[in-house]
Amino acid sequence: MKIVRDTPAEVVQFAVELQALYDDARPAGRQVLISAASENGIRLNEKTLSDWFGGMSVPRSDAAIRFLIGYLQPIAERRAQRPQRAWAWWRGLLQAARAAKRPQKAGRPRSRVLDTLVRTAGSAPWPQVRDRDAVEMGVHPAAFLPPSASPLTLWMHGRRQPQVPPTYVTREHDEALLGTLRAAVQQESCVVLVVGRSCTGKSRSVWEAVSRELGDWFLVDLRDRRQVQRLSDGDEPTGDFVLWLDNLDLTDDAPQLAEVALAAVHQRGAVGRRVLVVTMWHQPNTESPRQLRELVRRAGAPVHVSEDWTGAELDQAARLAATDRVLAAALQQIGFSPSQVLAGAQWALGLWRNAHQRETSAVLTAAIDLGRLGIGVPGGGPLTRDLLESCSACYLTRPPSTDDWFEPALRKATTPLEDAVWALAPPPPGVAGYRLFDPLLDYARFQRHYDPLPAGVWTALTEADFGREEFSRLAQEARDRLLLQQASAFAQRAMQAESRLPVPPRQPPRVLPPPPTPPSPPTPILMKVNSTSPSRNRADALLEADDLEKLLDHAINSNDTYVRRRLAMLYERRDDRRALRELATFSRRGARHWAAMLAREEDPGELLRAVVCGDGFALRALRDWPVAGLDDTQRETILRFGLTPDGHPVRAQNDPLSKSGGG
């Protein structure tokens, strides 16, 4: 990175922030940015990017820098847990840099260029290992998994997911890792190399070992370019220190970093011991750069971290999961190790939310909505390529850029994320359908709970290649949403389709059980008194006191359905539509109160929309509860003729609704 010595501080700040964002995102070279920008009609080149990152120039185009930040920030958040900043913050930096970059009236001579970062006066003291936590050093924080904790934590309170890793599970490679690290300490200067694929848990294992054995050593984080420069300038810690180089093969300048690190480890006349700890996806081979081969030679036998967890590791994880709900939720997932699930949940969600092409987002949204109907999940119909293509087109708000848009979008949706998990897994050999990553489906079910499925999706389902049982199930799904026309079409297809249930194996003759013993007299059912539960007593008191803030915190911490019911009652009392609607996406108590609120409103449109989304309480309200804005005749007409997929009453001939304008 090149910074002009006399560059204004505002320009330096903008350049450093932009470079740090690029470093955290770790794209596969600048050409990736140039190509992505070109697809969006923005022209970039190597020199332009170098000048921006180095403070040689300031972007003139808001569109170009806005694209760059919008492209890099979601990746940086996914890979390095870097919080995303609003465009207003970036624009403030950019405007300050532009103002400072304007030429002065008197002019000044051209400054010479330094191939280093600008350093602030008086470098801060080096931290010790104990001063840093696992997340700061590159370990993925525990992903929020819907079954793992109170959903209020994320969906209602607006808090970010906890930035802490889950409980550590001892792995079989830990003994070898500790032995290698202790041997390196005894040699006074050595290299510890740990190799493992993405999301195998190698960074967590290494940090657990380093923090346990070398907590009072100084720490040099070689992922930070400023610390690398301090080291190159001879500003070393005075005493023993660890050089931390996590995921070396993902950096743009791996050979240069390896060379700097090795020079620091084996410096003659050094004061104190120094150990270089390196993690990589793959062990360098004979074709790797010289510096990486030298690193392997100095390290000796690397410690390998397996992608798969052994039975003993899973058993220990199950014991620890008794007090760690996030770990327990990760163990429920099939097909991936717990470490892959905990990291991949964030990446899969990020790909859906921040897809760089709207076609990719459409493919994932179609798979999510079909999953809401039981398609592409265990026990449901297969999510075939043809069905996915037909449904994906329904989620494009404007025509795609090219006629052959689906294949590239599907390829991006099914590309492994960080070589660890798939947001949408392609069908394995012998299997007909695609499969969504379970945590992504769990997340999206909350967010799309009250989003109706487009009419085209229902049409595509009636034309799908399903068996009799699947069409019968879809007919019931449609009836539960008052989509009576679609239910009729599914029922007709069920009559025409063949059964695809597997033929049951021949059963041995049935042996009749002994006659049952006479039943015992029924035990009187006693109502539960809240005095046995201080937590529920407190919820009642907070509801009576109308203390929303404390009741919300209590609901988050207790994760008790009774407390959530009291919270729903308070939201309904306050007529807080937004909060109650969000609560209804994961709480049956909340859903009941939400339906009751909608039934009291003069415009029943939102209630009907909830019905076609599959809300059972909304359907119950329409059938059995008084609904403002609908008289008995209008209600009976809706129940008789049904609704359209967007939640409007079907207009039948001589329909009273068409005359009165109801609904």
Using only atom types and a distance under 3.5 Å, with no angle test, would you say the side chain of T279 pairs donor to acceptor with the backbone of N247? yes
To the nearest 0.5 Å, atom CG of L18 lies from atom CD1 of I69 at 6.5 Å
Taking side chain as C-beta onward, heavy atoms only, is L314 less than 4.5 Å from P338? yes
The residue among L351, T360, L410 that forms side chain to side chain contact (heavy atoms under 4.5 Å, CB included) with L424 is L410
Can a donor-acceptor pair be found, under 3.5 Å and without considering hydrogens, that links the side chain of R98 to the backbone of V58? no
Under 3.5 Å, is there a donor-acceptor pair between the side chain of T48 and the main chain of L44? no
How far apart are the closest heavy atoms of F437 and V341, and which atoms are they? CZ-CA, 4.1 Å
Non-hydrogen atoms of Q227 and D221 that approach each other most closely: OE1-N, 2.8 Å
Give me the atom names and distance for the closest heavy-atom approach of I65 to P59. CD1-CG, 4.0 Å
Go through it in stages, so that I can follow the logic: the residues are L219 and V210, the test is side chain to side chain contact (heavy atoms under 4.5 Å, CB included), and I'd like the CA-CA distance, side-chain angles, deciding distance and then a yes or no. CA-CA 10 Å; L219 177 66; V210 169; 5.9 Å; no
With sequence neighbours left out, the residues meeting salt bridge (charged side-chain N to carboxylate O under 4.0 Å, His left out) with E175 are none
Kindly determine whether V206 and V303 satisfy side chain to side chain contact (heavy atoms under 4.5 Å, CB included), including the steps that lead there. CA-CA 10 Å; V206 175; V303 178; over 6 Å; no
Got F336 and P439 here, is their nearest side-chain heavy-atom distance under 4.5 Å? no
Straight-line distance of Q229 CD to D224 CG, nearest 0.5 Å: 11.0 Å
Is there a side-chain contact between L342 and P166, using heavy atoms and a 4.5 Å cut-off? yes
Short side-chain to backbone donor-acceptor contact, R293 and S288, under 3.5 Å: yes
Identify the heavy atoms of E236 and W126 that sit nearest to each other, and give their distance. C-NE1, 3.6 Å
Tightest non-hydrogen contact, residues S339 and G201, listed as OG-N, 4.1 Å
Does the N285 side chain pair with the main chain of E287, one donor and one acceptor, at a distance under 3.5 Å? yes
Go through it in stages, so that I can follow the logic: the residues are Q447 and W352, the test is side chain to side chain donor-acceptor pair (under 3.5 Å), and I'd like the CA-CA distance, side-chain angles, deciding distance and then a yes or no. CA-CA 12 Å; Q447 291 200 347; W352 172 52; over 6 Å; no
How far does CD of E172 sit from CD of Q316, to the nearest 0.5 angstrom? 10.5 Å
Q256 vs Q291, side chain to side chain contact (heavy atoms under 4.5 Å, CB included): CA-CA, chis, key distance, verdict: CA-CA 8 Å; Q256 291 78 9; Q291 297 91 333; 5.8 Å; no
Check salt bridge (charged side-chain N to carboxylate O under 4.0 Å, His left out) between E359 and all other residues, then give those that pass, not counting sequence neighbours. none
dist R435:CZ -> L441:CG (nearest 0.5 Å) comes out at 8.5 Å
Parallel, tilted or perpendicular: which one describes the rings of W244 and W207, with boundaries at 30° and 60°? perpendicular
Using atom types as modelled and distance alone, determine if a side-chain donor or acceptor of S205 lies under 3.5 Å from a backbone N or O of K202. no
Hey, are the side chains of W309 and V169 touching, using non-hydrogen atoms and a 4.5 Å cut-off? yes
Distance from M137 atom CE to S203 atom OG, nearest 0.5 Å? 10.0 Å
Using side-chain heavy atoms (C-beta onward) and a distance below 4.5 Å, is F218 in contact with Q128? yes
May I ask you to decide if R273's main-chain N or O and D240's side chain share a donor-acceptor pair within less than 3.5 Å? yes
Looking at CG of L262 and CG of L292, how far apart are the two atoms once the value is rounded to the nearest 0.5 Å? 9.0 Å
For the residue pair L21 and L68, establish whether any side-chain heavy-atom pair is separated by less than 4.5 Å. no
Using side-chain heavy atoms (C-beta onward) and a distance below 4.5 Å, is V296 in contact with M280? no
Between D174 and R212 (salt bridge meaning N to carboxylate O under 4.0 Å), is one present in this structure? no
Looking at P426 and W422, what are the two nearest heavy atoms and their distance? CD-CD1, 3.7 Å
If you define the side chain from C-beta out and look only at heavy atoms, does anything of Y168 sit under 4.5 Å from V139? no
